[in-house]
Each structure stands twice: as C-alpha cells, then as structure tokens.
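A short worksheet on the structure shown next.
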Protein chains: 2
Amino acid sequence: MSTYHHGALRPALLEAAGKILETDGAGALSLREAARRAGVSHNAPYRHFPDRDSLLAALAAEGFALLKHEVHLRPEGDMGMAYVEFALRHPQRFRLMFGGLLPLDDYPELRAQAQGSQASLQRAFADLGEDSRFAAAAAWSLVHGLAHLLLDGHFAEAQRASGGVAAFARKVLGSVRAARAQRSA
Amino acid sequence: MSTYHHGALRPALLEAAGKILETDGAGALSLREAARRAGVSHNAPYRHFPDRDSLLAALAAEGFALLKHEVHLRPEGDMGMAYVEFALRHPQRFRLMFGGLLPLDDYPELRAQAQGSQASLQRAFADLGEDSRFAAAAAWSLVHGLAHLLLDGHFAEAQRASGGVAAFARKVLGSVRAARAQRSA
DNA sequence: ACCTGAACACCGTTCAAGT
DNA sequence: ACCTGAACACCGTTCAAGT
C-alpha cells in the first residue's frame, strides 16, 4: 500500500498500463484504469504524466528501445526478420508505436528512436537497390508493411499454406533476397 | 430539417462522420458529434448503425472502394505509386482502414475488400521474386509500409532532399524496380 | 512534493416514450 | 419505422484541499 506513496508510482503505472495495452490495445487504455490497478486515486497519475498521451508516449518509447535491442541481437541478414517478429510478439505495442495514434510532432524523441531501427536495417538490405538511401527506405518499408499486414490478418490463407506466420514471413523476405542474388550473379 | 426524417439520415451521417475523420482522425470521431452535425438527436444514429464500430467500418469500406478505383485508373507499373498516393491524400482514412482500430474479424467484408487492392499489385510487381505468391506479398508490403512510414513522417529529411513526398516515394519504388531490371539483364 | 475527492464536460449505450 | 429525452456507467482534466 504505502510503497506507491514513496516514489515508485511512475514505474507501477507504466507496468499496469503496459498490461492493459498488451491485452486490450491502446484505445482501451485509460488513465483511470491504470491508476486503479496501481492502487491510487484516478488523479495521482497527473503527478507523473501531464496527460494520457504522454503515458502512451512513454509506453511507445519502451517499445522502441526493445525493438532496437531485439534487432541488434541478430546478424545483419536476419534483422528484417527480427523486426517482423517483434511486431508479431508485441502487436499492440507495435501498433501504438506506428499506428498514428500519437502526435509524433509533439514527441520528437520518439521519431528519433524509430529511425534508430532503420539504421540497422539499412546495412542489412543495403544492396536492395542502387542508391543506398532509397534502398534503405525500401528495406524498412518492406519489413514494416509486412509486419502491419500480418498483424491485420491479410495473409491468413498464405500463412496456413506456408506452415505458420514466421515461415511465411521468412519466405516473403527471402523472395526479395533471391531477386537480389540473381542480380549479382 | 424534415429531410433527415425521411430516410436520408444514413448518408448524412456518413458524410458528417467522413469530415470529422478527415480533419481529426478516427479517435476523435464520436457518434454524438456526427449526430449533432447531421441535425438529429444523439440517439438517432442507432437506427442506422448498431454501434460506433460499425459506422467506422462503413467509412473504411468507402475507403477500400475508393482505393481500388484509384489503383485501377493507373497502368500496372504505376499501381504501387497510386497506392502510396491514396494514403498521402487520405491519411486518416488510410489509418482507419489499416490501423488495427477496427476488429477486422467482425467485418470480414472489409478484409475481402483490402485484398482486392492486393490482386492488382500482384500483377504489377509479379517479377519481384520467384514465387509469385511471395512476390505479391512483398510488393504489397513494400508499398503499404512506405505509405505508413511516410504518413508518420519518418522520411521527412529524405523527402526534402528529393523535392517532395511523391518524388521521394517514386525513387524508393524505382530503386526496387532498378534492382529487378538489373537481374533480368 | 505527492496524493485525494469533488466537479465538469464529454462519451457509448440502453430504455421508455413519442409520431 | 424512425426519432427524442432521460438515464447510467464510463472517460480526461481541473481545482481545492489534505499530509
């Protein structure tokens, strides 16, 4: 009880909010419910977050840090797959990070974090096209769009035929890699 | 005044809701505000839509029909660009269609409509990779991801250097096409 | 500094009526 | 059949207090 009154409320709120986000999505996340789960009044969160958006922004920031970490655990050739797998493992977090719900102009640090994940993919797919800047954008677009469309269930049948989401994703990314390989041959 | 009481309320609500969607986004769209703009009580919409989600679903359906129409106006090689341009021209509509806000499992006709836009892109990018099914998925993913990332402003600097969003998008899509061309040479 | 409780203006949704 | 008005249980946010 008294622990929350001693400076641990902010992380407690983030944890409670994170759970709501994962299970019900950002749209269902209310400050009041997070406060309830943290055992404080509906008003206590305002000591730690100026408004609802800034709590969502903090959750998105956690997500960007985790995404960067998971992508960097992989060898370069597998970073695209790591990106897709992150989205599949944390669908609601991914939607919060990239769903346009947050006014990114008000949170420039979030956009910077998002571009941190692009820097890695750039190297991974650098030879997708000639100009490396456009190639990097194409690489990020490819894995980002694939992640989104998988989350929306738009490849449901194809996934079944491929034996699972991950196997399907690997084949889609692999088909582009194959085109690149033939080009250099 | 009395016109709305004679069967024209449904389209009037869709029009009012569409305007709110375009200016403030799906999150800010309330049934009560749509009803207000249509000049009826906050409760009248329930005669035409069972709940808020089904109004959003109707707006998304309009979007999918428009997307399909605009994509089919272009020659095959330009359909990817048409897809991106649709997203840029109707950002909030695009986010509603693909932002995960709607429970697509409850609206199977929407998912069918979404896949209608893929059918065209499949032909347009059919030689991106060997297996045409995976190549089609890669093509849709590429344009879809590019559209999303452009809307989120993640390519802001690169866009400036390229002289505008559309020019940048064209170069990104072109860089993939260039890789394909080199491969067949 | 951090938290509580009352208050206000919004929602979505339901129900009982009105025409 | 279609619409209104009252009502209920939620929100985000602000303000005046409490410790």
Side-chain angles (χ1 to χ4, degrees), chain A residues 1-60 92 95-96 99-103 106-107, chain B residues 1-60 92 95-96 99-103 106-107:
Chain A
M1 316 263 138
S2 65
T3 51
Y4 292 150
H5 303 255
H6 293 270
L9 181 53
R10 193 191 147 95
L13 283 170
L14 280 173
E15 198 192 324
K19 272 175 189 156
I20 300 170
L21 171 66
E22 279 161 29
T23 61
D24 299 322
L29 204 176
S30 74
L31 279 177
R32 290 175 103 110
E33 177 62 22
R36 232 171 268 133
R37 298 200 187 185
V40 293
S41 89
H42 66 272
N43 231 312
Y46 285 91
R47 284 296 128 194
H48 303 275
F49 302 96
D51 52 25
R52 181 178 179 270
D53 271 1
S54 85
L55 172 62
L56 291 179
L59 289 173
Q92 300 289 7
R95 287 194 194 283
L96 170 63
L101 230 154
L102 282 165
D106 300 349
Y107 302 94
Chain B
M1 317 264 132
S2 64
T3 51
Y4 292 150
H5 303 256
H6 294 273
L9 181 52
R10 193 192 148 95
L13 283 170
L14 280 173
E15 197 191 326
K19 273 177 188 152
I20 301 170
L21 171 66
E22 278 160 30
T23 61
D24 299 321
L29 203 176
S30 73
L31 278 176
R32 289 173 104 110
E33 178 62 24
R36 233 171 266 133
R37 299 200 188 184
V40 293
S41 89
H42 65 271
N43 230 312
Y46 285 90
R47 284 295 129 194
H48 302 275
F49 301 96
D51 52 27
R52 181 178 180 270
D53 271 1
S54 84
L55 172 63
L56 291 180
L59 290 174
Q92 301 288 8
R95 286 195 195 285
L96 171 63
L101 232 154
L102 282 165
D106 300 349
Y107 302 94

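Labels below follow one simple rule: chain letters A, B, ... track the order of the sequence lines, proteins then strands, and each chain is numbered from 1. For clarity, every value in this text was computed on a predicted model and none was experimentally measured.
- Put simply, CZ on B:F49 is 12 Å from P on D:dC3, counting in whole angstrom units.
- Atoms CG and NE2, from A:L31 and A:H48 in turn, are 12.0 Å apart once rounded to the nearest 0.5 Å.
- Taking the charged nitrogens against the carboxylate oxygens, B:E33 and B:R36 do have a contact shorter than 4.0 Å, which makes a salt bridge.
- In this structure, CZ in A:R95 is found 11.0 Å from CG in A:L101, a value given to the nearest 0.5 Å.
- OP1 or OP2 of C:dC11 has at least one side-chain nitrogen or oxygen of B:R36 nearer than 4.0 Å.
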Handout entry: Pair A:L96-A:L59, side-chain contact (heavy atoms from CB on, under 4.5 Å): steps then yes or no
Key = CA-CA 8 Å; A:L96 170 63; A:L59 289 173; 3.8 Å; yes
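- Contact of the A:P11 side chain with the A:L14 side chain is not registered, since no non-hydrogen atoms from C-beta on lie closer than 4.5 Å.
- Residues A:L9 and A:V40 have side chains in contact (heavy-atom distance under 4.5 Å, counting atoms from C-beta outward).
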Handout entry: Pairing string, 5' to 3', for DNA chain D - Watson-Crick or wobble contacts under 3.5 Å, brackets [ ] where pairs cross, | to another strand
Key = ||.|||||...|||||.||
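- Without hydrogens or angle criteria, A:N43 side chain to A:Y46 main chain gives no donor-acceptor distance under 3.5 Å.
- The distance from atom CZ of A:R10 to atom C1' of C:dA1 is 16 Å, rounded to the nearest whole Å.
- With values rounded to the nearest 0.5 angstrom, A:L29 atom CG is found 6.0 Å from A:L56 atom CG.
- Taking CZ from B:R10 and CG from B:L55, the interatomic distance works out to 8.5 Å, rounded to the nearest 0.5 Å.
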Exercise for the section: Would you please test A:I20 and A:R37 for side-chain contact (heavy atoms from CB on, under 4.5 Å) and show each step? Expected result: CA-CA 10 Å; A:I20 300 170; A:R37 298 200 187 185; 3.5 Å; yes
Between the protein and nucleotides 12-14 of chain D, are there any N/O to N/O pairs under 3.5 Å, and if so, what are the atom names and distances?
| residue | atom | partner | partner atom | Å |
| --- | --- | --- | --- | --- |
| D:dG12 | OP1 | A:L31 | N | 2.9 |
| D:dG12 | OP2 | A:L31 | N | 3.3 |
| D:dG12 | OP2 | A:R32 | N | 3.2 |
| D:dG12 | N7 | A:R32 | NH1 | 2.5 |
| D:dG12 | O6 | A:R32 | NH1 | 3.0 |
| D:dT13 | OP2 | A:Y46 | OH | 3.2 |
| D:dT13 | OP2 | A:R52 | N | 3.0 |
| D:dT13 | O4 | A:R32 | NH1 | 3.2 |
| D:dT14 | O4 | A:N43 | OD1 | 3.3 |
| D:dT14 | O4 | A:N43 | ND2 | 2.2 |

Under 3.5 Å between N/O atoms: give me all the protein pairs with nucleotides 16-19 of chain C, atom names plus distance.
none

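- Residue A:H48 places at least one side-chain N or O closer than 4.0 Å to OP1 or OP2 of C:dC3.
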